[in-house]
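Encoded as structure tokens, the structure appears first; notes follow it.
Since this is a predicted model, take the numbers as computed values, not measurements. Heavy atoms only: backbone and side chains are in, while hydrogens, waters and symmetry mates are out. Within every chain, numbering begins at 1; the chains are lettered A, B, ... in the order of the sequence lines, protein sequences first and strands thereafter.
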Amino acid sequence: MVAPRLRFAPSPTGFLHVGGARSALYNWLTARRTGGAFVLRIEDTDDERNREEWVDDLADALRWLGLDWDEYYRQSSRGDLYAAAARQLEESGHTYWCECTREAIDARAKERGGPPGYDGFCRDRDLGPGDGRVVRFRTPREGATVVPDVVRGNPSFENSTIEDFVLVRSNGKAMFILANAVDDGDMRMTHVVRGEEHLPNTPKYLLLWDALGYGEHPVFAHLPLLVNEKRQKLSKRRDPVAVEQYREEGYLPDVMVNFLALIGWGPGDGREKLTREELIAEFRLEDVGSSPGFFDVAKLRSFNGDAIRALSAADFVAAALPFLERAPWSDRLDRTTFERIAPLVQERVAVLSEVVPMVDFLFLDEPEIEQASWDKTMKGDAAGVLDGVLAAYESVTWEPDALKDALTAVGEAAGLKLAKAQAPVRVAVTGRTVGPPLFESLEVLGRDRVLARLRAARSRL
RNA sequence: GGCCCCAUCGUCUAGUGGCCUAGGACACCACCCUCUCAAGGUGGAGACACGGGUUCGAAUCCCGUUGGGGCUGCCA
């Protein structure tokens, strides 16, 4: 048996779509398990989608996910191959030239009152090449084409329902369907794993495949679509779909991979947290489900938080640092200071970008006071608490337990529980009502800066 | 309109004729823990779209209905 060959064939659109990432992942997992090849093929036959930086972004995102490829191709540099295939098809009588404009096609359809689409007007006119003419495939009028698909069963399409589709544009360039089939044939692909939106195209692909004599059909796996909460295909206009976006928010690549694998597939025994190695060993295209999946960001967040908490302290610091280095105050960032508070932050964030607002008070000269937090806490007994704490913290031993005891005592004197008494102190020092444990935060910040902030807050009351 | 796909808790799913008074996870609710927020613990609510068959027996098989989705470009 020949080694499997699989490919991810994205069109550059400026970012890696999560649906595309899942297709890439399923291909990659299958290739890695079977010792086959994973091919990255950029489908850039449309000039408008052929921007270098877009291609780079795609590759970067794939690398970030850890999906490495064994071979790399660009359709834009394989035009000769498509032209040769088109000639071969013309010589074997599988194609014909057509001069119908879109307008003419639509007008005839409207006149007929029938369904929209091409009617085969030029099929028997025996036209030659010429200005504005395209090459169409002469679709068989009889028979049916079956798509061998491990997730859909084997859907069958009546050839009579497939119109004579365009293979070569009037500018001489190959259409997606031609380039796609020719490349898969030329590259000897054994599996085609892609989104369900390609299913209706597949009979055309197979008709071409046979006409070109490529032999045995590849095995298909048309993956269920990823949908939004309205059950529609994830769209870049409405939904957060860019893998790069999740990367910037601080999702871990392994979590992304794990989560993507789980939309439409599972190991069958209820386990949900799987390592990359487990995924490679256990993933099977045959076990992929067939109903659409919702990309549930809340669940992704939960998984990510779990994974962050599972990191070693050193790994967490390393993972968080790039996010801190992008903060506006990064010039004052001090790694040692961050390391002191890091373990307390680690268990409180679900995504890495959340680290920044949780520790900024350590690096800013003045804490960034959130107005809502201020309004909520700086009233009632706040002034008395601040006065009391100010006095106590002048001389208290500067370590968490002592700081806590002192504040507790101040609160009790005013008849306040610690939960209540700590609030104005927290806001005065960190600017927010939520954050890492207060007394450890105070310890790291240091007595002088804490006292200064408490005084500043007190004077603003 | 035509062609095709899909249908278990809100979501991702387990379930492949009896183990199902349908299991897990995320989300949600309550309580516990607690210096805030998380995390953690305990408990709770929550689904087989509908109608016909087949069968001793159906979430599981078949048909239909309804609902949802995709495709229908000289985009990919």
query = When we call it a touch if two heavy atoms are under 4.0 Å apart, what does A:V134 touch: a base, just sugar-phosphate, or nothing?
reply = base
ask   = Taking atom C1' in both B:C75 and B:G70, what distance in whole Å separates the two?
value = 16 Å
query = Please give, in whole Å, the distance from B:C74 C1' to A:E99 CD?
reply = 14 Å
message = Tell me the interatomic distance from A:Y82, atom OH, to B:A76, atom P, rounded to whole angstroms.
response = 11 Å
inquiry  = For a quick test of reading the model, state the closest non-hydrogen atom pair linking A:V385 to A:P424 and the distance between them.
reply    = CG1-CG, 4.2 Å
task = Please report, rounded to the nearest Å, how far the C1' atom of B:U72 is from the CG atom of A:D119.
result = 15 Å
task = Would you mind pulling out the nucleotide paired to B:C56, Watson-Crick or G-U wobble, both distances under 3.5 Å?
result = B:G18
query = Between A:R449 and A:E443, does at least one N-O distance fall below 4.0 Å, as a salt bridge requires?
reply = no
query = What does A:P224 touch in the nucleic acid at a heavy-atom separation under 4.0 angstrom: a base, only the sugar-phosphate, or nothing?
reply = nothing
task = Decide, yes or no, whether a salt bridge links A:D106 with A:R102 under the criterion of side-chain N to carboxylate O below 4.0 Å.
result = yes
query = Thinking salt bridges, do A:K299 and A:E272 make one under a 4.0 Å N-O criterion?
reply = yes
key: B:G73 OP1/OP2 closer than 4.0 Å to side-chain N/O of A:R102   = yes
key: Toward the 5' end of RNA chain B, by each residue's nearest nucleotide, A:F303 or A:R152   = A:R152
key: Pair A:R41 + A:E43, salt bridge at N-O below 4.0 Å   = yes
ask   = Can you tell me how far P in B:C50 sits from the matching atom in B:U60, rounded to whole Å?
value = 10 Å
inquiry  = I want to know whether A:Y72 and A:F38 have ring centres closer than 6.0 Å.
reply    = no
Residues A:R123, A:D164: salt bridge by 4.0 Å N-O rule = yes
Selected nucleotide, minimal atom distance to A:S11 side chain, candidates B:A76, B:C6, B:C5 = B:A76
message = Checking contacts here: which listed nucleotide (B:C3, B:G73, B:C35) is nearest the side-chain heavy atoms of A:T161?
response = B:C3
query = For A:R169 and B:A76, is the shortest distance between a side-chain N/O and OP1 or OP2 below 4.0 Å?
reply = yes
query = Roughly how many Å is it from CG in A:D296 to P in B:C26, rounded to a whole number?
reply = 11 Å
request  = Give one of base, sugar-phosphate or nothing for A:T433, where a contact means two heavy atoms less than 4.0 Å apart.
outcome  = base
ask   = Hey, is the side chain of A:N201 pairing donor to acceptor with the base of B:A76 inside 3.5 Å?
value = yes
inquiry  = Does A:S170 reach a base, just sugar-phosphate, or nothing at all? Heavy atoms under 4.0 Å.
reply    = base
task = Please tell me which of the listed nucleotides, B:C35, B:C3, B:A7, lies nearest to the side chain of A:F157?
result = B:C3
ask   = Do NZ/NE/NH1/NH2 and the carboxylate oxygens of A:R125 and A:E99 come within less than 4.0 Å?
value = yes
message = Using 0.5 Å steps for rounding, measure from the CD atom of A:E196 to the NE2 atom of A:H222.
response = 8.5 Å
key: Watson-Crick or G-U wobble mate for B:G1, both contacts under 3.5 Å   = B:U72
query = If the P atom of B:C33 is compared with that of B:G41, how far apart are they to the nearest Å?
reply = 16 Å
ask   = Taking the P atom of each, how far is B:G64 from B:C3, in whole Å?
value = 14 Å
task = Determine the interatomic distance between P on B:A22 and the same-named atom on B:A47; round to the nearest Å.
result = 10 Å
query = A:H222 on top of B:G70's base, within under 5.5 Å and under 30°?
reply = no
request  = State whether A:R432 and A:D360 are salt-bridged, where the test is any N-O pair (Lys NZ or Arg NE/NH1/NH2 against Asp/Glu carboxylate O) under 4.0 Å.
outcome  = yes
ask   = Taking any strand in view, what nucleotide pairs with B:A49 in a Watson-Crick or G-U wobble way, both distances under 3.5 Å?
value = B:U65
request  = Measure from the side chain of A:L225, starting at C-beta and using heavy atoms only, and say which of B:G69, B:A7, B:C35 lies closest.
outcome  = B:G69
message = For A:Y205, does the six-membered ring have the charged nitrogen or CZ of A:R194 within the cation-pi criterion, i.e. under 6.0 angstrom from the centroid and within 45° of the normal?
response = yes
task = Determine the interatomic distance between C1' on B:C48 and the same-named atom on B:U16; round to the nearest Å.
result = 15 Å
inquiry  = Taking any heavy-atom pair under 4.0 Å as a contact, classify A:E197: base, sugar-phosphate, or nothing.
reply    = sugar-phosphate
key: is_close_aromatic(A:Y251, A:F259), centroid dist under 6.0 Å   = no
task = Quickly work out the A:R194 CZ to B:C5 P distance and round it to whole Å.
result = 16 Å
inquiry  = Rounded to whole Å, please give me the gap between NZ in A:K299 and P in B:C9.
reply    = 14 Å
inquiry  = Looking at A:R309 and A:E347, is there a salt bridge between them, counting it only when a charged N and a carboxylate O are closer than 4.0 Å?
reply    = no
ask   = Going by an N to O cut-off under 4.0 Å, is there a salt bridge joining A:K404 and A:E399?
value = no
query = What integer distance in Å separates A:L199:CG from B:C71:P?
reply = 11 Å
query = Parallel, tilted or perpendicular for A:F283 and A:Y26, by the 30°/60° rule?
reply = tilted
Short side-chain N/O contact from A:T45 to OP1 or OP2 of B:A76, under 4.0 Å = yes
inquiry  = Distance check, P atoms only: B:C61 and B:C19, in whole angstrom units.
reply    = 16 Å
ask   = Does B:C28 have a Watson-Crick or wobble mate here (both distances under 3.5 Å), and if so which one?
value = B:G44
ask   = Does A:K420 pair with A:D381 as a salt bridge, N-O distance under 4.0 Å?
value = no
task = Give me the residues of residues 341-362 of chain A where at least one heavy atom lies under 4.0 Å from an atom of RNA chain B, by number, or none.
result = A:E347, A:R348
task = Check RNA chain B against residues 412-426 of chain A and give the residues with a non-hydrogen atom under 4.0 Å, in numerical order.
result = A:L418, A:A419, A:Q422, A:R426
task = Under 4.0 Å between any heavy atoms, over every strand shown, what does A:R309 touch: base, sugar-phosphate, or nothing? Just pick one.
result = sugar-phosphate
request  = Quickly work out the A:F165 CZ to B:C71 C1' distance and round it to whole Å.
outcome  = 14 Å
request  = For B:C35 and B:A30, measure between their C1' atoms and round to the nearest Å.
outcome  = 23 Å
inquiry  = Under 4.0 Å, counting only non-hydrogen atoms across every strand here, what does A:P292 touch: a base, just sugar-phosphate, or nothing?
reply    = sugar-phosphate
query = RNA chain B: A:A9 or A:S156, which has the more 5' nearest nucleotide?
reply = A:S156
request  = Could you check which residues of residues 252-269 of chain A get a heavy atom under 4.0 Å from RNA chain B? Sort them by number, please.
outcome  = A:L262, A:I263, A:G264, A:G268
